[in-house]
4 protein chains.
Amino acid sequence: MPKDIEVHSSVKDETLIAMRREQIIKGAVKLFKEKGFHKATTREIAKAAGFSIGTLYEYIRTKEDVLYLVCDRIFNEVTLKLSPYQNEEGTLDTLRRAIYEYYYLIHRMHIEFTIMYQETKSLPKDTRAYILDREYEMVSMFAELLRSCVASGELALKEQYILIAANQIVVQGQAWAFRNWAYKKDYKIEQFIEAQTELFLYGLKGFS
Amino acid sequence: MPKDIEVHSSVKDETLIAMRREQIIKGAVKLFKEKGFHKATTREIAKAAGFSIGTLYEYIRTKEDVLYLVCDRIFNEVTLKLSPYQNEEGTLDTLRRAIYEYYYLIHRMHIEFTIMYQETKSLPKDTRAYILDREYEMVSMFAELLRSCVASGELALKEQYILIAANQIVVQGQAWAFRNWAYKKDYKIEQFIEAQTELFLYGLKGFS
Amino acid sequence: MPKDIEVHSSVKDETLIAMRREQIIKGAVKLFKEKGFHKATTREIAKAAGFSIGTLYEYIRTKEDVLYLVCDRIFNEVTLKLSPYQNEEGTLDTLRRAIYEYYYLIHRMHIEFTIMYQETKSLPKDTRAYILDREYEMVSMFAELLRSCVASGELALKEQYILIAANQIVVQGQAWAFRNWAYKKDYKIEQFIEAQTELFLYGLKGFS
Amino acid sequence: MPKDIEVHSSVKDETLIAMRREQIIKGAVKLFKEKGFHKATTREIAKAAGFSIGTLYEYIRTKEDVLYLVCDRIFNEVTLKLSPYQNEEGTLDTLRRAIYEYYYLIHRMHIEFTIMYQETKSLPKDTRAYILDREYEMVSMFAELLRSCVASGELALKEQYILIAANQIVVQGQAWAFRNWAYKKDYKIEQFIEAQTELFLYGLKGFS
DNA sequence: AATGAATGAGTTTTCATTCAT
DNA sequence: AATGAATGAAAACTCATTCAT
């Protein structure tokens, strides 16, 4: 698991820091959703968080820290949701449920996900690297799941294609967030998940 | 096909406009690749294009026009590459070749594609709508191909899943561009295309 | 009395706003006098006011706001000076003193007045309308004075000519400001006032 | 009479110059009326004149030259209209007719006059001086007329007040142009002229 | 003589960040 | 710890003027 990046704060009280950051993330997500990271000003972020610009800067160092905070939050939620499946036995059913859980999470947090995928490149080099690491971690979780399905004989997938397949799961899920305009007219999330899962498992030829 | 959006120019000579726009696109792509649209200044764009800031503004109206010019170019190339497949008979082989062509194009223009998918949201409302229209057009081309495979009996895909499948093709291709970091260590483009195509056609269960 | 137009400020402390605006007006008048509104840059205005460009924009929204601030100031002074005469009884003597007060005020503030009459058209539509309203208010004050002279029998002026006469007073006063070059060689302000007043009251035929 | 200021042109053919300048003045007046001198661009001036920006600069040196051309034109018209009255005998009737002619001219050319009085300060020092000279010339014409009325015994005005009175005629006329908003609701030009003339000749006390 | 593409200095305005209170 | 006034670098865009054709 990637080493956490510390966002510096001049405030000492850890509980307070946690509370304020919570406010910052909440406000920022709402704001970024409306106008994107670039068009949101730090003043607006502070206001959305419920305090003054001066206070905002007691809990972050730069505007980009806010973006990082938001991204970090998302990954923590994903990791939290998916980690139980890590320890289950490798069956197709486990895989289905993990995919379901992941896609559903994306659905609930689609605003946050969209922000993350659109603004990542605005992060400074090192932070971006950390985000990619965590993204990779997500892919790895699915890769592991696939591998244990292979190990248990439920799947016959050559090692070299594990990563492609895992990536495909992750990307298609994200697509529900960042390409929602392409789906929402024709599909509900449940339909999307089902179709995507079947297509993934059985392909075009085996999918009715 | 969506109606083209005109980018205003105060210069009258159409050939000259075409030439200068070519320079602008070339310079901008290079620049955006390095620092992204937001961090690239208009002065830098002008310089990269090989002329002064004043001249740049003879050929565009706003900085966003440059982004639009870049996006428009990409779609034109995609449409150009894929349109021949529209008229072919609906066989799996045609589909395979269309996918190959599309993925390969993305590979060659992966910088441009990445820019497009990361910066689209920076475009003004109407231009963004136009881009989404063209994106939809791309999906439609694959949807048509799938439908004609169904018509010819090579595929048995319910109409309601055509769109999901077409979107999947498009998204997975784009992923090669905007998530290249996740693939490039383990796959060459040919391997990626092959694996992706097989996975798509035969699914996990039918894919060795 | 026309409703005041609010100039937006992002600063909350009203006393501070008043103080800074005072500095802005003072600096701007000096600057506009030297080079006119158009040739004065916002940076110069800030400098003349004694602070940075960033601070200037904490107290105004646009450059035109500065012009408005200057104009508004002038009218406030005029209104302040002339309002006492409103309540006096309608005698020629009151009229004489009001004219004197008004012309003298213009003399003391002739730079401000000149700026105002030369730059008004640079104001945005709504602000310009407000200025004209206040200008009309000034004319009205003199018109009222004339009417009360008529009422008291000191003057026999048909209602239809009241406005022309009131306008004449106002315009001739302004002329001392914006056409000062035409008078200053030959007249002192006192002479100007006296001559103008006599000419106005008794005309060419009755004026020696 | 003030010495004419030469506006340099790189074109030799004098007839052509005259023709082009005519076009320039016509176009510029229309344009300045709409947006004022500052907001009109040289490109727009050229277009309004009916030729290209390059050609415009064959007939002027700077943008300010255009303003000068417009101002100069106005004075020429005024001088042309008023000079006949110079040679007439000094009667009140002549004076009345001269005022009428002058006010009526302003009425017909009120756009040009307004431009002139609002934009004069945008002229470079030397040109502005020339304009003031010509303005002075206008005042002088009326001053002469007044003097000859005094000489003929029709008027008894001390020399020291001649200038004030002449200026008053001139200024009140201009006011019809630049303060038209204050008059137009209540007066037609004929009423304005009549009232103004009577007020001027007989004053408030002698004016019914 | 006429054209219009090219130039770049100059302008207004924004906004992340700091720091005295 | 919290505030918010002050700062000034930086950015997009304009437009008078030139000059090669």
Side-chain angles (χ1 to χ4, degrees), chain A residues 9-13 16-17 20 38-47 50-66, chain B residues 9-13 16-17 19-20 38-47 50-66, chain C residues 9-13 16-17 19-20 38-46 50-66, chain D residues 9-13 16-17 20 38-47 51-66:
Chain A
S9 166
S10 54
V11 175
K12 304 290 166 201
D13 183 342
L16 190 56
I17 293 180
R20 293 280 178 258
H38 276 101
K39 287 186 186 154
T41 68
T42 50
R43 268 163 140 114
E44 287 171 322
I45 295 171
K47 197 176 176 186
F51 35 70
S52 73
I53 181 70
T55 303
L56 177 66
Y57 273 86
E58 294 288 321
Y59 297 95
I60 58 159
R61 259 306 201 248
T62 69
K63 188 186 173 189
E64 284 151 348
D65 280 350
V66 178
Chain B
S9 167
S10 54
V11 173
K12 293 174 181 171
D13 183 340
L16 190 57
I17 292 179
M19 210 175 91
R20 294 282 178 258
H38 277 102
K39 287 187 185 152
T41 70
T42 52
R43 281 196 137 76
E44 287 171 321
I45 295 172
K47 198 174 177 186
F51 32 69
S52 72
I53 180 70
T55 302
L56 176 66
Y57 274 89
E58 294 282 316
Y59 297 93
I60 57 159
R61 263 274 214 278
T62 66
K63 190 185 173 191
E64 284 155 348
D65 279 349
V66 178
Chain C
S9 166
S10 53
V11 173
K12 293 173 182 174
D13 184 340
L16 190 57
I17 293 179
M19 209 176 92
R20 293 281 178 259
H38 277 102
K39 287 187 186 151
T41 69
T42 50
R43 281 196 136 73
E44 288 171 323
I45 295 171
F51 34 67
S52 72
I53 180 70
T55 302
L56 176 66
Y57 274 89
E58 293 282 317
Y59 296 93
I60 57 159
R61 263 274 213 277
T62 67
K63 189 186 173 189
E64 284 154 348
D65 279 350
V66 178
Chain D
S9 165
S10 54
V11 174
K12 303 291 166 202
D13 183 342
L16 190 56
I17 293 181
R20 294 280 178 258
H38 276 101
K39 286 187 186 151
T41 69
T42 49
R43 266 164 141 113
E44 289 171 322
I45 295 171
K47 198 176 175 185
F51 35 69
S52 73
I53 181 68
T55 302
L56 177 66
Y57 272 86
E58 295 288 321
Y59 297 94
I60 57 160
R61 260 304 203 246
T62 69
K63 189 185 173 189
E64 284 152 348
D65 279 351
V66 178

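For the numbers below, each heavy atom of this structure counts, side chains included, while hydrogens, waters and symmetry mates do not. Chain A is the first sequence line, chain B the second, and so forth, proteins listed ahead of strands; every chain is numbered from 1.
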Colleague: If you check the Asp13(B) side chain, which of dA5(E), dG8(E), dT7(F) turns out closest?
Modeller: dA5(E)
Colleague: With heavy-atom distances below 4.5 Å as the criterion, would you say the side chains of Ser9(D) and Arg20(D) are in contact?
Modeller: no
Colleague: Could you tell me how far apart Ile17(D) (CD1) and dA2(E) (P) are, to the nearest whole angstrom?
Modeller: 10 Å
Colleague: Would you name the heavy atoms of Lys39(D) and Glu44(D) that are closest together and state the gap between them?
Modeller: O-OE1, 3.7 Å
Colleague: Between Tyr59(C) and Phe51(C), what is the ring plane arrangement, given parallel below 30°, perpendicular above 60°, and tilted in between?
Modeller: tilted
Colleague: Output the rounded distance in Å from NZ (Lys12(C)) to P (dT3(F)).
Modeller: 9 Å
Colleague: Grab the two heavy atoms, one from Ile17(A) and one from Val11(A), that are nearest each other, plus how far apart they are.
Modeller: CD1-O, 3.2 Å
Colleague: Is a donor on one side and an acceptor on the other found under 3.5 Å between the side chain of Lys63(B) and the backbone of Ile45(B)?
Modeller: no
Colleague: In this structure, which stretches of DNA chain E are paired as stems of three or more consecutive Watson-Crick or G-U pairs, both distances less than 3.5 Å?
Modeller: E:2-21 with F:2-21
Colleague: Once you round to the nearest 0.5 Å, how far does CG of Leu56(D) lie from CZ of Arg43(D)?
Modeller: 12.0 Å
Colleague: Which sits closer to the 5' end of DNA chain E, Ser10(D) or Arg20(B), going by the nucleotide each is nearest to?
Modeller: Ser10(D)
Colleague: Shortest non-hydrogen contact from Thr42(A) to Tyr57(A)?
Modeller: CG2-OH, 3.4 Å
Colleague: Would you say a side-chain N or O of Tyr59(C) is under 4.0 Å from OP1 or OP2 of dA5(F)?
Modeller: no
Colleague: Just by protein heavy atoms under 4.0 Å, how would nucleotides 11-21 of chain F read 5' to 3' in B, S and -?
Modeller: SSBBSBBB---
